[in-house]
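See structure below.
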Amino acid sequence: MSDEDVELEARLEEQEVFEPSDSFVEQANVSDAGIYDEFEENWPECWEQAAELLDWEEEYDQVLDNSNPPFYEWFTDGTINASTNCLDRHLDERGDEAAIEWVGEPVDEDNVTLTYSELHEKVNEAAAALRDLGVGEDDVVTMYMPMIPELPIAMLACARIGAPHSVVFAGFSADALATRMNAADSEYLVTCDGYYRRGDPLDHLDKANEGLSGVEHDTETVVVDRLGPNGDDFGHDLAEDQHDWGELMAAHEGAEVEPVDRDAEDMLFLMYTSGTTGEPKGVKHTTGGYLSWTAWTSQAVLDIKPEDTYFCSADIGWITGHSYIVYGPLALGTTTMMYEGTPDHPDRDRLWEIVEEYEANQLYTAPTAIRAFMKWGTEYPDEHDLSSLRLLGTVGEPINPRAWKWYYKHIGNEECPVVDTWWQTETGGMMVTTLPGVKDMKPGSAGPPLPGLDARIVDTNGEEVDPGRAGYLTVNKPWPGMLRTLYKNDERFIEEYWAEYSDTDSSNSDDWVYFPEDGAKIDEDGYITVLGRVDDVINVSGHRLGTMEIESAIVGVEGVAEAAVVGGDHEVKGEAVYAYVITEEGQEETDEFREEIVQGVLDAIGPIARPEQVIFTPELPKTRSGKIMRRLLEDIANEEDLGDTSTLRNPEIVEDIRKVVQED
Ligand code: PRX
């Protein structure tokens with residue numbers, strides 16, 4: 001490092017507040033600090049600003065109907081179609097501009113540019129094909145696909161005909177697919193033969209077929225041929241109820257499908273996410289509120305303009321990809337990028353190569369990726385011209401100040417604001433973050449709630465805690481992008497998100513408080529630092545996993561008597577899965593058995609849930625009422641001071657487990 005660099009590092013190390021540059025502020029979509037007061041005074045009508053970013057078929061009568069909390073309705077009686085908003089309305093001005101720039105994993109492959117006209121054409125053909133297969137309004141269509149252009153095409157085709165989609169992350173297992181299709185009564189599946197991972201073609205249809213064998217009703221499946229001749233080795237023949245995507249599209253060439261008028265409150269999609277129990281939750285998002293929210297936040301926070309090339313490196317199988325690769329950016333008519341592969345293939349500069357080649361203006365990624373980039377070293381970004389970047393963003397987990405500063409300096413060249421955006425599958429879009437053209441940034445802290453949002457940090461009684469003290473994050477006013485319910489389970493919706501801090505007998509919306517199940521603290525300036533989940537959910541590389549789901553996979557393995565799963569700190573992943581396992585009498589505690597347990601998790605969930613360590617233990621630390629003390633197990637995993645263990649039924653066990661962990 002040169003002397004200059006050393007000096008710079010030292011300055012960054014100490015600096016706690018960063019101002020956005022004048023050049024950014026001058027061109028920002030939102031640069032008037034008055035927006036916070038304006039939205040507060042004019043709530044909920046302020047959200048007309050979001051709805052106005054869209055084209056409505058029928059204007060709405062009321063911005064918010066809060067007469068039946070927590071079943072809020074936004075933009076009531078308005079009708080709208082999401083595919084029209086993401087496609088048709090851009091055709092005149094942006095028809096020949098790229099809507100999607102798709103980059104495949106193989107470097108020597110032809111990448112795909114889809115202009116708005118081409119995407120519109122394909123979405124129409126796919127909509128006609130799906131309809132022909134029998135998909136009707138309100139039928140849930142499942143998609144089990146990697147990052148290929150046919151995924152957003154299928155999503156928008158569904159939106160066009162009013163069929164909600166349910167996208168299942170391609171890395172999830174066959175079992176996970178079956179559970180989600182059964183839960184949603186979904187009779188249609190769009191999937192593909194395979195995709196590329198680190199240079200090799202990977203069989204995906206095999207997994208999809210296995211999942212389908214666990215679906216309890218009849219299904220029709222559409223299969224995209226992603227691999228071409230490279231997939232022939234897998235030797236798949238399509239079954240009678242399986243159709244080739246390419247043939248269907250060819251049969252509907254040139255088709256035009258009239259977009260279905262959807263009520264603002266009609267379901268746009270379902271997304272399954274992990275919760276406290278073993279059953280994933282079907283989060284329901286609506287057409288009008290969700291689309292307004294993603295369009296507005298894309299504009300205000302990501303500073304997206306139609307002429308931008310915007311790059312979010314998330315997977316569309318998660319909410320970030322839904323909101324900020326597909327719906328938000330396309331609603332604004334910008335160019336959105338999709339990358340099929342991993343950032344380190346064929347080399348660790350792949351993302352920077354893509355940013356340089358496409359002259360990306362924004363990069364939105366996860367702290368876990370940034371920590372990996374840091375570990376790999378600055379030589380990879382340094383090889384590339386990243387000067388096209390104007391804004392950087394992070395999402396999915398807390399970002400430590402060191403990683404934030406690394407991103408700011410080495411990727412953003414100290415010129416790009418970094419937005420650390422806190423939100424959830426359930427919130428539909430960003431909630432707590434700085435408006436980059438208005439607010440200073442504080443590394444490690446997401447920022448204040450967005451204008452028009454009321455987020456607070458409270459104690460267990462719901463009283464606000466003093467700045468600097470840890471408490472629970474709550475959202476005290478509804479917002480357009482919020483989930484409306486859990487699919488077919490209003491009761492669990494209330495129980496999971498509202499019961500903790502609301503007066504559930506009240507019909508006054510002021511008595512209802514949304515609880516995202518995150519711990520947080522706030523500073524004197526109202527900046528919120530999110531500390532992490534306070535429920536039994538862990539966050540591995542920005543992916544949300546339920547400990548109960550993993551535990552039920554483990555106890556499903558023959559020879560396991562009991563299991564407890566916790567998140568332990570991990571340098572790159574943020575958290576990693578630690579599994580404490582009690583074996584059945586007679587079961588040998590060997591490495592082979594450890595492997596079987598790991599395989600059980602891979603089969604039930606997928607590689608993202610792979611346990612970092614499987615620890616055999618004779619007992620688990622339990623309270624006198626028999627509840628497993630997860631906090632203690634976490635502390636053991638993190639080698640932290642265990643404090644007072646006297647309320648335990650079996651305090652001596654703690655030392656035993658600790659010894660086993662250390663030996664491992
Ligand atoms: O714990 C919070 C964490 O991720 C959870 C939501 O996970 P999921 O629904 O999968 O959505 C991820 C993408 C939006 C939250 O409850 N989280 C998300 N963003 C942040 C975060 N934690 C700290 N800082 C963030 N910026």
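Each ligand, and each atom within it, is numbered from 1 in the order the structure gives.
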- [ ] Report yes or no: is the cationic atom of Lys284 (NZ for Lys, CZ for Arg) closer than 6.0 Å to the six-membered ring centre of Phe493, at no more than 45° off its axis?
- [x]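 Cation-pi check for Lys284 and Phe493: fails.
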
TODO: Measure from NZ or CZ of Arg180 to the centre of the six-membered ring of Phe172, then state whether that distance is under 6.0 Å and the direction lies within 45° of the axis.
DONE: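 Arg180 over Phe172 ring: yes.
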
TODO: Check each of Thr394, Leu392, Leu391 against Val419 using the side-chain contact (heavy atoms from CB on, under 4.5 Å) test, and report the only one that passes.
DONE: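 So the option named by the test is Leu391.
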
Task: Lys281 (side chain) donor-acceptor with Gly275 (main chain) under 3.5 angstrom - done: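 Between the backbone of Gly275 and the side chain of Lys281 there is no qualifying donor-acceptor contact (under 3.5 Å).
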
TODO: If the plane angle is over 60° it's perpendicular, under 30° parallel, otherwise tilted; pick one for Tyr324 and Tyr364.
DONE: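 The rings of Tyr324 and Tyr364 stand perpendicular, inter-plane angle above 60°.
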
Open item on the list: Give the residues near ligand 1 by chain and number, with the criterion being a heavy-atom distance under 4.0 Å.
Closed with: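 Lining ligand 1: Ile319, Thr320, Val395, Gly396, Glu397, Pro398, Asp420, Thr421, Trp422, Trp423, Gln424, Thr425, Asp518, Val530, Arg533, Asn539, Arg544.
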
Task: Flag for Asp603-Ser173: side-chain donor and acceptor within less than 3.5 Å - done: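 Their side chains do not contain a donor-acceptor pair, so the 3.5 Å distance test is not met.
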
